[in-house]
Amino acid sequence: MTGSTQAVERIRAQSAVQPKTALVLGSGLGGVVDAVCDGIAISYSDLPGFPVSTVTGHSGTLVTGTISGTPVAVLSGRSHYYEHGRADAMRPVLETLKALGVDTVILTNSAGSVRADMTPGSVMLITDHINFSGLNPLIGEPSDARFVSMTAAYDPDLAARARAAAETEVLHLHEGVYAWFPGPSFETPAEIRAARVLGADAVGMSTVPEVILARFFGIRVLAFSVITNMAAGMTGADLSHTETKEMAPVGGAKLTSLLKRLLTDIVT
Ligand code: HPA
């Protein structure tokens, strides 16, 4: 039996919910879990292959239940490349979600803004990404399926629904390109200037491997950044993980109301 089959069996043994939508929550965005009704929580340590996170602010729990009546699997905690040097650490998670019947994943993260008009507390719909790391979670995958198209990796239909939900919620939803830097050190001001010139709107240390893996497994992707800080060199301020964790709930509250609205009509 594969790890993902075992993980699916464990989830099914504990929860009758059959989610088609999964949410992955970034640092400090765990508050979304409070929106889950009748949730059953399973620790990643009980799910074969699931990564046990070392990042403060990331709990490592899968919760299944409903948000706005829609069955969901909510993953609090993700594995980052900078924790261990493996870009494919989230592969068992995406594989398990696929085997569970999930066809849509909503990825969230905390990010630094590269744009003066997008200030901390903002929410950004990710419309595309730039992989500045040179890494890829599909390196070593032997099948031809590794040649994944990334042309419409961020599903245009889901993005349109997110815009509509934001309008209903009277929420200003920024849009832009997320650039993945592997971390864990923050970027230098020169790297941020380079990222801006090359077309980035926000920078962060996650999400891109999950987008690639989700597309590999044929799962649709919708993704949001919560802006926790202006990127390095944009203000006189220094950057810190403490600031990221402190600021995440501000945009996180906006994102939660957007997600609740979105989940009323996201099921296919
Ligand atoms: N850079 C990289 N990752 C981040 C940042 C940042 O400025 N803010 C939150 N995550």
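Numbering of ligands and ligand atoms starts at 1, following listing order. Basis for what follows: all heavy atoms, side chains included, without hydrogens, waters or symmetry-related copies.
No chain of hydrophobic side-chain contacts below 4.5 Å, direct or via other Ile, Leu, Val, Met, Phe, Trp or Tyr residues, connects Tyr82 to Val203.
Looking at Ala232 against ligand 1, nothing comes within 4.0 Å, counting heavy atoms.
Contact atoms of ligand 1 toward Ala111: 5 (C), 8 (N), 9 (C), 10 (N) (distance under 4.0 Å to a heavy atom of the residue). Counting atoms of ligand 1 from 1 in the listed order, those under 4.0 Å from a heavy atom of Glu187 are 1 (N), 2 (C), 6 (C), 7 (O). Every atom of ligand 1 is numbered from 1 in the order shown, and the set under 4.0 Å from a heavy atom of Thr228 is 8 (N), 9 (C).
Scanning the protein heavy atoms around atom 5 (C) of ligand 1, the nearest turns out to be Gly112 N, 3.4 Å. Atom 3 (N) of ligand 1 has Gly204 CA, 3.4 Å as its closest protein atom, hydrogens excluded (heavy atom only). Counting only heavy atoms of the protein, atom 8 (N) of ligand 1 lies nearest to Asn229 OD1, 2.7 Å. The shortest contact between atom 10 (N) of ligand 1 and any protein heavy atom is with Ser110 O, 3.3 Å.
Evaluated for a side chain to side chain contact (heavy atoms under 4.5 Å, CB included) with Leu222, the options Leu107, Thr108, Leu125 yield exactly one hit, Leu125. Of the residues Val72, Val221, Leu158, the one that meets the side chain to side chain contact (heavy atoms under 4.5 Å, CB included) test with Thr104 is Leu158. Checked against Val24 for a side chain to side chain contact (heavy atoms under 4.5 Å, CB included), the options Thr207, Leu94, Val105, Asn109 give a single hit: Val105.
No donor-acceptor pair under 3.5 Å is formed between the side chain of Ser15 and the backbone N or O of Arg12. Judged by distance alone, with hydrogens and angles left aside, the side-chain atoms of Asp88 form no donor-acceptor pair with the main-chain N or O of Arg91 at under 3.5 Å.
The closest approach between Phe181 and ligand 1 stays at or above 4.0 Å for every heavy atom of the residue.
Applying the 6.0 Å contact sphere to CD of Glu167 captures no more than 12 heavy atoms from other residues, nucleotides or ligands.
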